[in-house]
Every structure is written in C-alpha cells, then in structure tokens.
Amino acid sequence: MDTLMRNIPQHVAIIMDGNGRYAKRLGMPRIKGHQEGMENVRRIALTANECGVKYLTLFAFSTENWTRPSKEVSFLMKLPGNFLGKFLPELKDKNIKIRTIGNFDGLPKHTQKSVSKAVLETAENSGMELIFALNYGSRDEIIHAVKSVVESVQNGDTAIEDINNEFFSQHLFTKDVPDPEILIRTSGEYRISNFLLWQISYSELFFANESWPEFTPENFEDILSQYQKRERRFGGLKEE
Ligand code: V07
C-alpha cells in the first residue's frame, strides 16, 4: 500500500471565497480583504508546490464578478500585475509555470499585458502549473468548447462518431490538465458557483470554514491528509 505522503493529488482546485467578509469582520474595506487574499495565493501556491502538487487551479475572477461595484472591479484587475510584480521572481526560482483559463480577451489590456508576460516567461518551466481562472465561467467554457467541436465537424476534421469525453476535454480551457482530484472551497459556503463543472465530475469536495485570507498551509495539508484517508478507505472497500 502507498505510504501517506505518496498519495498526493496531482491537481487541486480552490474557490478562494470570503475575502470581502473577512475584511468586513475586521472593520476594513473589502479591497483590503482582496489584498490579503492575494498574499495568501503566494503562501498556498508555495505550500502546494512543496507538497508535490503538479497543478493548482485558483478561481481568481468569475464571469459574474463584473457586476460588482466598478471601483472594486478595477482594484481586482490590478491584482494580477501587483501579484506578479511582487512574486514572479520567486515563482520563477521555484520552476513554477503560470497559465490561465477563462476569457482572456475580455480582461483590461493592462491585466492581459502583465499576465501574458508571466505566462511567456514561465512557459518553459517544468514544475508545478499555477493556473489562474480569470474571467472564467464553466458554462461559458463548455459553450466555447461546443462551438469549437462543431467547427471541427463542419470543416471536415472530425466525424461525429469521434466525439467522446476525451475528445471533448481537449476543447476545454483545461486541455492537457488532468481533472482535479480535490476541490476546496473556503469560507463555509457549499456551492460550486460555475467552477470547472465538467472537470470535477469525480473530484473529492472539501469545504473549509476559514475565509481565504485565513486559510493556512496547515489547513491545506490537513485537507491533503483527509483526502489520503478517504482514498485509503475507498481502497479497503474495493478489496472487500
Ligand atoms: C485576486 C486575490 C485572491 C482572492 C480572490 C480574489 C482576489 C492573485 C491573482 C493573480 C491572477 C493572475 C495572475 C497572477 C495573480 C488575482 C484577481 C484577484 C483578479 F497571473 N490573486 N488575485 N487576480 N484576488
């Protein structure tokens, strides 16, 4: 049987919820919560990398988030540049590769510019892939994939009989990324909120009560160890 540290999930996805509520609770403006949430992205990404996780997908901005007050939206759109200005050298040192999923063209030009630079500069890295879901919605992603499949049928590259799960997956933004074994949502909410609907078909779901800025490396490692216990129980049942 696997030792505890061997059964590390390849892919962990996180819904980083509770930044605004955290700030409010401490009597600070919402944007202060986003700022602290951004600092925690670094801390948890480094932890995941240390643990041997190969893909970490973080829900940074949803297609629904545009309806927030415009001052908050413009603050959020500065976070990628802010984060990368501060932490890109460190992530590069750790051989981490940055990529994004979502409707990239719909982001402000300045956001696209900072993120593209980081993606380009880390493209050859072979370590953990840090995947930011930016202007991401799962239903949009599925519609985008359907259009791409239909196009491929219309132009004669694909026969309808060739469309299966594997083929369809290759048309999603997460093409070439294995499905997450684990989905974590912080801040005590029990919803999926249009995140990776196709990809989480078989994922283990974990809900942490801590808000995202308060979610610690210990909380993260605790979830990995609970996951390993769930897996081992499943293994036991299978053998019965
Ligand atoms: C954002 C901080 C984390 C909590 C959730 C909402 C606020 C990091 C990024 C980021 C994105 C792309 C990239 C590098 C960093 C980010 C947004 C919001 C929009 F290449 N945190 N963070 N982007 N928050």
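Both ligands and their constituent atoms are indexed starting at 1 by order of listing.
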What is the ring orientation for F195 with Y136, classed by angle as parallel under 30°, tilted 30 to 60°, or perpendicular over 60°? perpendicular
Determine the interplanar angle of the F168 and W198 rings, folded into 0 to 90°, and report it as parallel if under 30°, tilted if 30 to 60°, perpendicular if over 60°. tilted
Using a strict cut-off of under 4.0 Å between a residue heavy atom and any atom of ligand 1, list the qualifying protein residues by chain and number. M16, N19, H34, G37, M38, V41, A60, F61, L76, L79, P80, F83, L84, V115, F132, L134, W212
Non-neighbouring partners of E64 that pass side-chain contact (heavy atoms from CB on, under 4.5 Å), sequence neighbours left out: S62, N194
Could you tell me whether E36 and K32 make a salt bridge, using a distance below 4.0 angstrom between a side-chain N and a carboxylate O?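 Counted as a salt bridge, because a side-chain N and a carboxylate O are separated by less than 4.0 Å.
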Any ion pair linking E121 and K117 (charged N to carboxylate O, less than 4.0 Å)? yes
H171 atom NE2, neighbour heavy-atom count above 12 within 6.0 Å: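 Yes, the 6.0 Å shell around NE2 holds more than 12 heavy atoms from other groups.
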